[in-house]
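Just below is one structure, and these are the notes that go with it.
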2 protein chains.
Amino acid sequence: MAAARVRSGGRPTLEEVAARAGVGRGTASRVINGSPRVSAQTREAVEAAVAELGYVPNRAARALAGNRTDAIALVVPESETRFFAEPYFSDIVRGVGAALADTEMQLLLTLAGNDRERRRLAQYLTAHRVDGVLLVSVHADDPLPDLLEQLGMPSVISGRRHAAETLPSVDSDNFEGARAAVDHFIARGRRSIATITGRLDVYGAQRRLDGYRKAIASAGLDPDERLIAPADFSEESGARAMRELLARRPDVDAVFAASDVMAAGARQVLRESGRRIPDDVALIGFDDSAVARHMDPPLTSVRQPIEEMGRVMAAVLLQEIAQHHEGRTEERPRIVLPTELVIRESS
Amino acid sequence: MAAARVRSGGRPTLEEVAARAGVGRGTASRVINGSPRVSAQTREAVEAAVAELGYVPNRAARALAGNRTDAIALVVPESETRFFAEPYFSDIVRGVGAALADTEMQLLLTLAGNDRERRRLAQYLTAHRVDGVLLVSVHADDPLPDLLEQLGMPSVISGRRHAAETLPSVDSDNFEGARAAVDHFIARGRRSIATITGRLDVYGAQRRLDGYRKAIASAGLDPDERLIAPADFSEESGARAMRELLARRPDVDAVFAASDVMAAGARQVLRESGRRIPDDVALIGFDDSAVARHMDPPLTSVRQPIEEMGRVMAAVLLQEIAQHHEGRTEERPRIVLPTELVIRESS
DNA sequence: ACACTTCTTGGGAGCGCTCCCAAGACTACG
DNA sequence: CGTAGTCTTGGGAGCGCTCCCAAGAAGTGT
């Protein structure tokens, strides 16, 4: 009979469940939404009906009536190929997925290209499309975060745009990660320690440079600016930076690159210059990506807990959404997760 | 005034747009949905009103009234870490995203764990949640594809479950890819050509083995079964397989691994055994992943057009959905995209 | 036994849109 | 100039659910 109904066209509605359980629509709704104001007996009857009919609430109707969507968006800048190249993306998604697993919340994936597109996106996201937004890999002058904030859309950002980030954020400890890398060099007796930075308009890259400087200063080493070579996260830029470094300070005996990919570029140049790793020059990267594990020699690297970042971002967002519904506005969580130096043979 | 309305709580509704344009709700709807049965003049008026009010249709209402969702789901087995390790996932997503970019279609990401969960998932997906489903990395005995098929949910599968796949599918040419790799060995004078296979319950892995066999046979080489070592796509299994190969046929002078990661494992073992690559043993992988590019020496590998697979999958799905709405059922597209041998220094 | 609370419960109203019917405006043709 | 289309157009009905009010049931205190 239940089968007959399913077959006969539509899926069962709340009304049908209620009829089957011999209660009113309102009561059935209460049971399904876990309201406490229902007698145990009634609850059982409704639950039985739900099971028999294989009832699943219609999301659209819920969204329309309840003015919410039970969906959040993960906004990813598709332009950032660098972002996709790393397992970063998959790990974030896995973390977010895990946090959402036993929720009714759906995950919407949005690839936003240029800034114009992102501006339009804000419109769409707020047009009752999602309850909240996860922003990933945002650059300093991205218009989207501010737009979302103005529009009152609960959002969480991975990393930060700058030191005074206003949105709730989840970041890894870039500063301490970099510092740990350089401290490791120092502990092993390296003295001419260089760094290859990422794009410094990315806050995380700046923090890595800060960590490098701090470690150098703390150790009382000579903070030579010629040991700092700017790059842009790409392999090629890493190679170029390494060449500059070698030209300016041929005595360099350690290099901290702000990404594994740049470290790979540097390694190439070091090898071409006849230097051995780690004997002549020690090398450390950042990200602990597949590239690090498979490099020759395997690359020491600073690991970020990406999957956990995803999980925490989702958790924070769910909380923001709940507060938003209740009209409250608490403090903006600004979470920093620890990094870890994974020591391999390059250092 | 428009601003006042927006500020005053809700976003503008169709009704408001209609009022502003001085037309009826039905007419406004027609304009917004691009119906041709509207006079040019009216169309303009409505479009102006839409622009002025910044109107964006309410998805939930649309879905409820129109009995569709304008959303598709990308179902990913989260268990398959192997899947996530590769850039595979990101590339598929990028391709799907590109195909959906100028559509109203939303992309839902669903991480489905075990089979029980996937069974439940079928329920949810069909409960008016999405218009179609993209299945990625499906193993032979996954219950989900059949469930979706029974429930009449438009679906597209990446790869195939077996030769007689019934769902619309988009696959890369594993057979020809493998064959090209082995032909390349043969052209360079290799004679004792081994292969390390993936899990043979994965159709693609089987096809790669078939391609290997075919190439060996076509060249009139001796098809020695001892040159075939089964593995499971993991690096460790690749290393193990390589050891077996070396033990059985120490004269092996070429190895085709069915994945880059397994090739990495094999490389390790070859190096430990004192063999040089490619001088003593040539090596080819599959996937053309970051691992291949950064291996030492850089690994020759068979490239699959992953991003394009994503794009094509989405396109096929959109078509299936359209047919579904019109009640038609055409042929099930079964698309195979070409692979490409990317020659580097390992062969 | 009576007046009050407190629990449960049913069901109307309404969320914003699409579908579709019927009516009005026009055009064409005999 | 009338009649039969053909275009446009307005707006009722209804999608399935949540919210909320009012009413009935049950329990409390005196």
Side-chain angles (χ1 to χ4, degrees), chain A residues 5-6 9-46 49-50 53-71 104 124 126-129 131 325-326, chain B residues 5-6 9-46 49-50 53-71 104 124 126-129 131 325-326:
Chain A
R5 169 165 291 135
V6 168
R11 304 193 57 86
T13 68
L14 225 208
E15 197 85 50
E16 294 174 316
V17 171
R20 172 114 185 174
V23 303
R25 180 165 35 74
T27 304
S29 174
R30 261 167 238 130
V31 171
I32 284 159
N33 292 292
S35 159
R37 349 195 100 281
V38 185
S39 72
Q41 193 184 354
T42 307
R43 162 163 288 118
E44 271 174 36
V46 174
V50 166
L53 297 177
Y55 172 75
V56 180
N58 181 317
R59 251 174 191 276
R62 256 195 176 162
L64 183 56
N67 194 39
R68 52 174 183 147
T69 61
D70 286 340
E104 278 291 80
Y124 278 83
T126 46
H128 295 299
R129 269 171 153 76
D131 294 341
H325 279 152
E326 296 165 19
Chain B
R5 170 168 289 134
V6 168
R11 303 193 59 85
T13 68
L14 225 209
E15 198 86 49
E16 294 174 316
V17 170
R20 173 114 184 173
V23 302
R25 183 166 31 77
T27 303
S29 174
R30 260 167 240 131
V31 172
I32 284 159
N33 293 291
S35 157
R37 349 196 100 279
V38 185
S39 72
Q41 192 186 355
T42 306
R43 161 163 290 118
E44 270 174 38
V46 174
V50 166
L53 298 177
Y55 171 75
V56 180
N58 181 316
R59 259 186 185 281
R62 256 193 176 162
L64 183 56
N67 194 39
R68 55 177 179 142
T69 62
D70 287 340
E104 278 290 79
Y124 278 81
T126 46
H128 296 301
R129 267 173 155 73
D131 294 340
H325 279 152
E326 295 165 20

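Remember, predicted model here, so these are calculated numbers, not experimental data. Protein chains get the first letters and strands the later ones, always in sequence-line order, with residue 1 at the start of each. FYI, side chains are in, hydrogens and waters are out, and symmetry mates aren't considered; it's all heavy atoms of this structure.
Distances shorter than 4.0 Å separate none of the side-chain N or O atoms of A/Ser29 from OP1 or OP2 on D/dC17. OP1 or OP2 of C/dT8 has not a single side-chain nitrogen or oxygen of A/Thr42 nearer than 4.0 Å. Taking 4.0 angstrom as the limit, B/Thr27 places a side-chain polar atom (N or O) nearer than this to OP1 or OP2 of D/dG10.
To the nearest 0.5 Å, atoms CG (B/Leu64) and CG (A/Leu64) are separated by 5.5 Å. The CZ atom of B/Arg68 sits 7.5 Å away from atom NE2 of B/His325, with the distance rounded to the nearest 0.5 Å. Atom OH of B/Tyr55 sits about 4.5 Å away from atom CD1 of B/Ile32, to the nearest 0.5 Å.
In this structure, A/Leu64 atom CG and D/dT18 atom P are separated by 11 Å, rounded to whole Å. Separating the CD atom of A/Gln41 from the P atom of D/dA25 is a distance of 15 Å, rounded to the nearest angstrom. Distance CZ (A/Arg11) to P (D/dC15): 17 Å, rounded to an integer number of Å. Between the CG atom of B/Asn67 and the P atom of C/dC17 there is a distance of 17 Å, rounded to whole Å. The interatomic distance linking A/Leu14 (CG) with C/dC15 (C1') rounds to 15 Å, in whole Å. As a whole-Å value, the separation of B/Arg62 CZ from C/dC15 C1' is 16 Å. Note: CD (A/Glu16) to P (D/dG16) measures 8 Å, nearest angstrom. The CD atom of B/Glu15 sits 13 Å away from the C1' atom of C/dT18 (whole-angstrom rounding).
Residue-level contact check: A/Arg37 touches the bases, meaning some heavy atom is under 4.0 Å from a base atom. Here A/Asn33 lies in heavy-atom contact (under 4.0 Å) with sugar-phosphate atoms only. Counting any heavy atom pair closer than 4.0 Å across all strands shown, A/Arg25 reaches a base atom.
Donor-acceptor pairing under 3.5 Å is lacking for the side chains of B/Arg62 and B/Asn67.
Comparing B/Ala65 and A/Ile32 by the nucleotide of DNA chain D that holds the closest heavy atom to each, the one mapping nearer the 5' end is B/Ala65.
In this structure the side chain of A/Leu53 reaches within 4.5 angstrom of the side chain of A/Arg20, judged on heavy atoms.
Donor-acceptor pairing under 3.5 Å, judged by distance alone, is present between the side chain of B/Arg30 and the base of D/dG10.
Set against D/dT9, D/dT18, C/dG16, the side chain of B/Ser39 has D/dT9 as its closest nucleotide. Nearest nucleotide to the side chain of B/Arg68, out of C/dT18, C/dG10, D/dT18: C/dT18. Distances from the side chain of B/Pro57 to the nucleotides C/dC15, D/dG10, C/dC17 place C/dC17 closest.
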